[in-house]
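When a ligand or atom number is given, it counts from 1 through the structure's own listing order. Along the sequence shown, residues carry numbers from 1.
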Amino acid sequence: MSTLQLAVQKSGRLSDSSLNLIKECGITFPTRIARLKASAFNFPVEFLYLRDDDIPGYVADNVADVGIVGKNVLMEKTDDLEVIKELGFSKCRLSIAVPREFDYQGVKSLEGLNIATSYPKILSDFLKDNGVSADIHEISGSVEIAPSIGLAEAVCDIVSTGSTLVSNGLLEVQVVMKSEAVLVARPGLSGAKREILDQLLFRINAVQAANSNKYILLNAPNKAIANITELLPGMRSPTVVPLAQEGWSSLHSVVKEDDFWEVIENLREAGAEGILVIPIEKMVL
Ligand code: ATP
Ligand code: ZN
């Protein structure tokens, strides 16, 4: 029987979220990551625990079939893989930052500078697209200290909150790319492996839909049902169940997490009472 080999980061900012997603897909596996490989107990997948930088290469070279990696690392390492799914975690951006006192007037201000980065390919493409020529100084870690030790005049580095930059006297001036974890695959994956990937994808979609939606129950006088139904986009239309009390009903529906507070306000104004909001475990559309 075929097994899908899935490369995940061994330890780092992607690891916990990658393995959590797999767990939420109902896939169980040995919890200790002492080894390089582990097979899931109840799904035909084998995990390869690797450094994130090696994941695109291993997938491209057929060592693993699919992998979970940051889009930033993917773009830096190879153009040969297919992004199957954006996973919505480990969100960050690759940005250019300059010393606070630098008079930044737009990308043209980077002309002729020496820029330190761990992402020479992405940076060089960005500069080329913007018609700027600058020297790229590749370093593998602690890029943010390069200007203060005189190694570079600007940096191009991963930013999430920006606090590391600030504490090094740097100012983020230009977003080069936005990144998040992605599920990648080698194009043209074989029949049996593709089928396993499709099953995995089906589960990931159900988990993601569930995580971005809430189940909502509320009571309302029957005369308010039409208005309230307008406010509840739901999967199709709300379920309406009569209450024991004459003239009242219970409405059940699904609301998007992002719209949640606004919807609740509007529902209350329309006459809804006893609103319950419940997390959804899985959602198949
Ligand atoms: P490895 O030892 O596997 O090479 P690493 O030190 O290169 O790990 P991490 O710091 O664990 O990498 O980051 C892995 C990925 O997580 C990054 O490539 C990026 O996509 C994302 N990431 C990095 N920093 C942050 C952050 N502050 N917030 C959210 N995501 C981040
Ligand atoms: Zn790395």
Exercise. Distance below 4.0 Å between atom 8 (O) of ligand 1 and any protein heavy atom?
Worked result: yes

Problem set entry | Close side-chain approach of V277 to I275, heavy-atom, < 4.5 Å | yes

Exercise. Of R51, R13, E180, which has the heavy atom at the shortest distance from atom 2 (O) of ligand 1?
Worked result: R51

Exercise. For ligand 1, which part of L14 has a heavy atom less than 4.0 Å away: the side chain, the backbone, both, or neither?
Worked result: side chain

Exercise. Is any side-chain heavy atom of V59 less than 4.5 Å from a side-chain heavy atom of V63?
Worked result: no

Problem set entry | Of the listed options S163, A181, S160, closest to atom 27 (N) of ligand 1 (non-hydrogen atoms) | S160

Exercise. Of the non-hydrogen atoms in Q208 and K85, which two are nearest, and what is the gap between them?
Worked result: OE1-CE, 2.9 Å

Problem set entry | Test: K282 and E24 ion pair at under 4.0 Å | no

For this session: Check whether the side chains of E144 and T164 place a donor and an acceptor atom closer than 3.5 Å, and report yes or no.
Result: no

Exercise. Atom 14 (C) of ligand 1: which protein heavy atom is closest, and how many Å away?
Worked result: D52 OD2, 3.4 Å

For this session: Determine yes or no for a side-chain-to-main-chain donor-acceptor pair under 3.5 angstrom, with R203 supplying the side chain and I22 the backbone.
Result: no

Seminar exercise, completed: min-distance protein heavy atom vs atom 6 (O) of ligand 1 -> Q9 NE2, 5.0 Å

Exercise. Nearest to the Zn ion (ligand 2), which N, O or S atom of D52 do we find?
Worked result: OD1

Problem set entry | Main-chain N/O of E46 paired with T3 side-chain donor or acceptor, under 3.5 Å | no

Exercise. Which of the atoms of ligand 1 are close to G70, meaning less than 4.0 Å from one of its heavy atoms?
Worked result: 20 (O)

Seminar exercise, completed: Checking distances from the Zn ion (ligand 2), one finds that the N, O or S atom of D53 closest to it is OD1

Problem set entry | Shortest protein contact, atom 21 (C) of ligand 1 (heavy atom only) | C92 SG, 3.9 Å

Problem set entry | Numbering as shown, the atoms of ligand 1 that approach K91 to under 4.0 Å (heavy-atom distance) | 28 (N), 29 (C), 30 (N)

Exercise. Looking only at N/O atoms, are K71 and ligand 1 under 3.5 Å apart anywhere?
Worked result: no

For this session: For atom 4 (O) of ligand 1, state which one of T161, N72, D53 supplies the nearest heavy atom.
Result: D53

For this session: Return the minimal non-hydrogen interatomic distance between E281 and A210, and the atom names on each side.
Result: O-CB, 3.5 Å

Problem set entry | Residues in ring-ring contact (aromatic ring centres under 6.0 Å, His included) contact with F47, at least two apart in sequence or another chain | F29

For this session: Using a strict 4.0 Å cut-off to heavy atoms of V73, name the atoms of ligand 1 that fall inside it.
Result: 18 (O)

For this session: Identify, by atom number and element, the atoms of ligand 1 in contact range of I158, meaning under 4.0 Å from any of its heavy atoms.
Result: 23 (C), 24 (N)

For this session: For G12, counting its heavy atoms only, list the atoms of ligand 1 lying under 4.0 Å from any of them.
Result: 11 (O)

Exercise. Does some side-chain heavy atom of V159 sit less than 4.5 Å from a side-chain heavy atom of C92?
Worked result: no

